[in-house]
Amino acid sequence: MRSSESFYKDGVLFEVCENGKCNVDQQSFKAYFLREMAATAELAPFTHDNITAKVAVAAAAAAKTCTGGKSGNQCGLKWTTGVNDGIMGVGQSMSALEAVQSLLVDKVRGWVSARKGTGTSEGDVNAGAGVSDDEPYENDPITTADRAGAGILTALVLIGVVGGVASMVI
Amino acid sequence: MINYWYYTGDTTYNEVTMQALVHQIGANKDFMPENQTKTLGNDDQAFWGMTALTAAETNFAPPPAGVPGWLALAQGVFNEQTRRWDELTCGGGLRWQKFITNIGYNYKNTISNGCFFNIAARLALYTGNQTYADWAIKAYDWVESTNMINDEYKVFDGGHVEDNCTKQDGTRWTYNAGVFMMGAAAMYNFVSLLIFNCGQR
């Protein structure tokens with residue numbers, strides 16, 4: 001928590017690339033950070049007050065930028081400016097949505113788990129066991145049609161080579 | 001989108017969320033669909049694994065019949081990534097890319113290892129199985145050993161295998177710090193429950 005203090009400018013969350021240019025992935029990083037912060041507040045209650053205070057500032061700042069695009073409610077990238085900066089996209093929407101909905105972290109019923117007997121998601125401890133890393137994709141068996149196609153391509157290349165050589169010789 | 005439903009109770013987008021998740025599972029049921037194999041890194045696969053975990057943790061509707069449960073999907077990602085743990089370089093860790101032909105195969109980045117730690121910690125919390133917690137500790141210790149997380153808990157972006165991960169990319173992205181913060185919180189919760197249960201006995 002303490003080491004992340006440098007992620008804020010005047011209390012508002014910002015990403016280091018916002019000083020220059022953020023790529024598409026980087027435009028969504030604040031969404032994950034806030035998602036992880038809200039989950040932390042739920043899982044480790046001693047962080048709760050600190051986190052919810054930061055989320056509240058982020059949500060208010062993010063919402064102020066959601067005035068752009070045709071719809072008039074698309075969100076901008078930088079939350080530190082108080083206005084829409086004209087840089088809009090899916091990452092910006094994800095980040096602003098995560099900021100605003102994280103305000104509701106105290107209203108939820110909490111995570112479930114198999115261990116507590118509240119979670120019922122079906123598991124498989126051996127999942128992924130039979131998957132080989134060496135063969136990312138299986139090739140389909142080669143068919144007669146494939147062979148015919150390969151033959152035609154080979155013939156065309158040969159004609160090209162022979163024709164090219166012939167034209168040079170002549 | 002799962003969180004949107006979890007926080008607001010609005011089910012409007014649940015169907016499209018379910019469709020997107022199921023579409024991404026792929027033939028091997030491991031969030032490595034064939035159309036993505038050329039570009040998919042460990043971190044990309046893990047983001048889907050974490051999404052499946054969120055679905056399990058929030059009691060999102062289970063996937064349709066014939067599709068493994070959210071927990072099983074996350075376990076699949078975890079199991080595959082444990083096999084990619086590479087002690088030949090940098091004393092351990094996951095590489096960014098899974099395939100040798102991809103740019104970034106020589107990079108052991110913080111987010112791939114952070115996501116793995118996050119998944120391991122949350123699987124421990126959900127299932128109560130110590131094996132996952134052991135992997136989470138192993139992953140965290142390795143990240144700390146390479147100084148990807150330094151003594152002040154500053155989280156950097158990763159190191160290259162050529163210099164044995166001794167030189168850190170010094171960029172500090174929010175999501176690298178976040179993924180560890182949440183994983184650590186899950187471990188805290190996991191351990192507190194253990195202590196609580198001991199106290200009850």
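Just so it is clear: chains get the letters A, B, ... in the order the sequence lines come, proteins before strands, and each one is counted from 1.
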(request) Go through the atoms of A:Phe46 and report whether side chain, backbone, both or neither lie under 4.5 Å from a heavy atom of chain B. (result) side chain
(request) Counting only heavy atoms closer than 4.5 Å, note whether B:Asp30 contacts chain A via side chain, backbone, both or neither. (result) side chain
(request) Just give me the residue among B:Ala74, B:Ala52, B:Ala186, B:Gly69 that pairs up with chain A most often, heavy atom to heavy atom, under 4.5 Å. (result) B:Gly69
(message) Any donor-acceptor pair under 3.5 Å linking the side-chain atoms of A:Gln101 with those of B:Asn3?
(response) no
(request) Measure A:Phe7 against the heavy atoms of chain B and call it side chain, backbone, both or neither at under 4.5 Å. (result) side chain
(request) Check each atom of B:Phe60 against the heavy atoms of chain A and say whether the ones under 4.5 Å are side chain, backbone, both or neither. (result) neither
(message) Which atoms of A:Asp25 are under 4.5 Å from chain B, going by heavy atoms: the side chain, the backbone, both sets, or neither?
(response) neither
(request) Measure distances from B:Thr171 to the heavy atoms of chain A and classify the residue's part below 4.5 Å as side chain, backbone, both or neither. (result) side chain
(request) Just do the side-chain contact (heavy atoms from CB on, under 4.5 Å) check on A:Val108 and B:Tyr7 with the steps written out, would you? (result) CA-CA 6 Å; A:Val108 293; B:Tyr7 286 130; 3.4 Å; yes
(message) For A:Asn19, I'd like to know if atom CG has over 12 heavy atoms of other residues, nucleotides or ligands within 6.0 Å.
(response) yes
(message) Please check: side-chain N/O of B:Asn79 versus main-chain N/O of A:Gly128, any donor-acceptor pairing under 3.5 Å?
(response) no
(message) Has A:Ser121 got a side-chain atom pairing as donor or acceptor with B:Ala56's backbone, closer than 3.5 angstrom?
(response) no
(request) Return the minimal non-hydrogen interatomic distance between B:Thr174 and A:Phe14, and the atom names on each side. (result) CG2-O, 4.1 Å
(message) Contact between A:Cys17 and B:Trp173 at the side-chain level, heavy atoms closer than 4.5 Å - yes or no?
(response) yes
(request) Using non-hydrogen atoms and a 4.5 Å limit, figure out which bit of A:Val105 sits close to chain B: side chain, backbone, both or neither. (result) both
(message) Using only atom types and a distance under 3.5 Å, with no angle test, would you say the side chain of B:Gln75 pairs donor to acceptor with the backbone of A:Ala127?
(response) no
(request) Go through the steps for B:Asn189 and A:Trp111 under the test side-chain contact (heavy atoms from CB on, under 4.5 Å), then give the verdict. (result) CA-CA 11 Å; B:Asn189 203 291; A:Trp111 283 14; over 6 Å; no
(request) Look at B:Val179, B:Thr58, B:Thr8 and state which one has the largest set of heavy-atom pairs under 4.5 Å with chain A. (result) B:Val179
(message) Ring-plane angle category for B:Tyr175 and A:Tyr32, please: parallel below 30°, perpendicular beyond 60°, tilted otherwise.
(response) tilted
(request) Counting only heavy atoms closer than 4.5 Å, note whether A:Thr47 contacts chain B via side chain, backbone, both or neither. (result) neither
(request) Against chain A, label B:Phe31 side chain, backbone, both or neither, depending on which of its atoms sit under 4.5 Å from a heavy atom there. (result) neither
(message) Strictly distance-based, threshold 3.5 Å: is any side-chain N or O of A:Arg115 a donor or acceptor partner for the main-chain N or O of B:Asn129?
(response) no
(request) Can you tell which part of B:Tyr153 gets under 4.5 Å to a heavy atom of chain A, answering side chain, backbone, both or neither? (result) both
(message) Is B:Thr127 close to chain A through its backbone or its side chain, or both, or neither, when contacts mean heavy atoms under 4.5 Å?
(response) backbone
